[in-house]
Amino acid sequence: MIRIRRGAEPPVLAKARKTRLPAAVRTYHQHGVSSRELYASLKGYNPPVVKETLFRAQHEKCAWCELRAHYSSSPVEHYRPKAGADRHDRGALAQTDGGHYWWLTWTWENLLFSCPRCNDAAHKANFFPLAPGSSPLTLPAHPITDGALTPLFDTTAEQPLLLDPAVDDPLDHIVWRPLQTALARPLWRWMPYGITPRGAATIWVLKLAELADRLEHHLKIAVLPSLEEVEGHIAAGRLPEARTRWLALLDNVLAPSSELAAATWCVLEVWMPAAERAKHGLRAPVRPTGA
């Protein structure tokens, strides 16, 4: 996962919010917060220009798994879920805040482009855990009076455990580390580790360990052959060629549009550590970011 930048809100979303949020408020008054009618009114947040803007801003990748996603079959996802927030561990007794966060349905800062896998019930879905001691945003009063919703768009009092790639740099929270390093390098296994509680929670919610096979295939195809070329040049004393090939490798696998760029950055830091780079005049890999 890498940091992303959405850019400016498309005017069509502001227009949708202007009409659809008041309509949702009326439905809330008539039918209540957990009603099917309210849920059915939470639409119109994903017109094509909104989806296209997110798709391009995220370099045509899922915000969560950082794999290239098909535009037509992938959803616009809500960071804070629009139809109730699940706070429980999987397999435990359900603990759902049914009133959260319907009023943020049309909020630009709450939208991401996601792949179907990361958005499904076995992964992100409606999970939105909070840090211990953090209280969820206060629900709107019933009935909602003029101006009563405005404070609820300020989410800063809440402390979510799930990372927001438009706010957080995921590499401050999640790194990939090798297993089975006694084996030949192509056989190493790689797993994500949370170096903060938020990183650990994000790995759990999104089941990022499931990406290990995909990452290892990517490393064998797109990374290791080029790295071995660099090492071959070094062994033969061709340092200018090694540096040129190293820069080409970095440009290819750490670009914002490259799949699994954050995990690949972690791998390169292990396979070509700082001391080795300094010895041969190789540039440090720059953290990948789409921001």
Side-chain angles (χ1 to χ4, degrees), residues 1-3 58-70 115-118 122-123 165 169-195 199-200 202-204 206-290:
M1 194 187 311
I2 61 172
R3 182 85 180 267
Q58 295 174 202
H59 304 277
E60 303 182 9
K61 298 190 297 185
C62 172
W64 301 121
C65 69
E66 216 194 331
L67 294 177
R68 195 167 297 280
H70 294 289
C115 71
R117 169 206 174 272
C118 289
H123 297 90
D169 184 341
L171 281 168
D172 288 337
H173 303 271
I174 297 171
V175 296
W176 286 76
R177 293 174 178 164
L179 304 173
Q180 300 172 314
T181 54
L183 300 176
R185 191 166 54 181
L187 301 179
W188 290 14
R189 298 285 292 171
W190 293 84
M191 294 297 291
Y193 286 83
I195 55 177
T202 300
I203 292 169
W204 173 81
L206 299 173
K207 297 184 179 178
L208 293 181
E210 292 179 351
L211 299 176
D213 287 344
R214 184 67 177 264
L215 173 62
E216 288 149 20
H217 177 75
H218 170 72
L219 296 176
K220 290 174 185 176
I221 300 300
V223 180
L224 196 51
S226 296
L227 180 64
E228 289 173 344
E229 286 185 41
V230 173
E231 292 170 336
H233 286 310
I234 291 173
R238 298 187 296 267
L239 292 185
E241 290 87 346
R243 292 163 189 153
T244 298
R245 191 68 191 89
W246 174 250
L247 290 176
L249 171 61
L250 298 186
D251 288 344
N252 183 46
V253 299
L254 300 184
S257 58
S258 302
E259 286 194 327
L260 299 167
T264 303
W265 180 83
C266 296
V267 172
L268 289 175
E269 286 286 348
V270 173
W271 279 350
M272 187 61 75
E276 191 72 9
R277 296 194 305 264
K279 185 192 305 184
H280 304 298
L282 302 181
R283 194 192 76 187
V286 177
R287 275 191 181 200
T289 180

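Note that the structure is predicted; figures quoted are calculated from it, not measured. In what follows, residues are counted from 1 in the order of the sequence shown.
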Using a cut-off of 6.0 Å, state whether more than 12 heavy atoms not belonging to Arg238 lie near its atom CZ.
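Yes, enclosed.
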[X] side, atom [atom1]; [Y] side, atom [atom2] - distance, nearest 0.5 Å:
{"X": "Thr181", "Y": "Arg189", "atom1": "OG1", "atom2": "CZ", "value": "14.0 Å"}
{"X": "Leu268", "Y": "Leu282", "atom1": "CG", "atom2": "CG", "value": "11.0 Å"}
{"X": "Leu249", "Y": "Arg245", "atom1": "CG", "atom2": "CZ", "value": "6.5 Å"}
{"X": "Leu208", "Y": "Trp64", "atom1": "CG", "atom2": "CH2", "value": "10.0 Å"}
{"X": "His59", "Y": "Arg68", "atom1": "NE2", "atom2": "CZ", "value": "10.5 Å"}

Check: [Y] and [X] side chains under 4.5 Å, non-hydrogen atoms:
{"X": "Glu210", "Y": "Lys207", "answer": "yes"}
{"X": "Glu66", "Y": "Glu259", "answer": "no"}
{"X": "Gln58", "Y": "Pro256", "answer": "no"}
{"X": "Ile2", "Y": "Asp169", "answer": "no"}
{"X": "Cys266", "Y": "Leu171", "answer": "yes"}
{"X": "Ser258", "Y": "Pro288", "answer": "no"}
{"X": "Leu206", "Y": "Met1", "answer": "yes"}
{"X": "Pro285", "Y": "Glu269", "answer": "yes"}

Between [X] and [Y], what is the shortest heavy-atom contact and its length?
{"X": "Leu260", "Y": "Cys65", "answer": "CD2-O, 3.7 Å"}
{"X": "Arg277", "Y": "Ala284", "answer": "NE-CA, 3.5 Å"}
{"X": "Ala69", "Y": "Cys115", "answer": "CB-CB, 4.2 Å"}
{"X": "Ile234", "Y": "Ala242", "answer": "CG1-CB, 3.7 Å"}

Would His280 and Glu276 count as having a side-chain donor-acceptor pair, cut-off 3.5 Å?
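Note: His280 and Glu276 side chains meet the donor-acceptor criterion.
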Is there a salt bridge (charged side-chain N to carboxylate O under 4.0 Å, His left out) between Asp172 and Arg287? Walk through the geometry before answering.
CA-CA 10 Å; Asp172 288 337; Arg287 275 191 181 200; 2.9 Å; yes
Hey, mind stepping through Lys61 and Leu67 against side-chain contact (heavy atoms from CB on, under 4.5 Å) and telling me if it holds?
CA-CA 5 Å; Lys61 298 190 297 185; Leu67 294 177; over 6 Å; no
Checking side-chain contact (heavy atoms from CB on, under 4.5 Å) for the pair Trp176/Leu211: CA distance, chi angles, key distance, verdict?
CA-CA 11 Å; Trp176 286 76; Leu211 299 176; 4.1 Å; yes
Decide side-chain contact (heavy atoms from CB on, under 4.5 Å) for Trp190 and Leu179; before the verdict, give the C-alpha distance in whole Å, the side-chain angles of both, and the deciding distance to 0.1 Å.
CA-CA 6 Å; Trp190 293 84; Leu179 304 173; over 6 Å; no
Taking side-chain contact (heavy atoms from CB on, under 4.5 Å) as the definition, give me every residue that meets it alongside Arg185, ordered by chain and number, with sequence neighbours left out.
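Checked Arg185 against side-chain contact (heavy atoms from CB on, under 4.5 Å); matches are Trp188, Leu224, Leu227, Glu228, Glu231, Trp271.
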Mark yes or no: Arg283 above the aromatic ring of Trp246, with NZ or CZ under 6.0 Å from the six-membered ring centre and no more than 45 degrees from the axis.
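The answer is no; the distance or angle limit is not met.
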Report the C-alpha separation of Trp265 and Val286 in whole Å, then their side-chain angles, then the decisive distance to 0.1 Å, and conclude whether the side-chain contact (heavy atoms from CB on, under 4.5 Å) test is met.
CA-CA 8 Å; Trp265 180 83; Val286 177; 5.9 Å; no
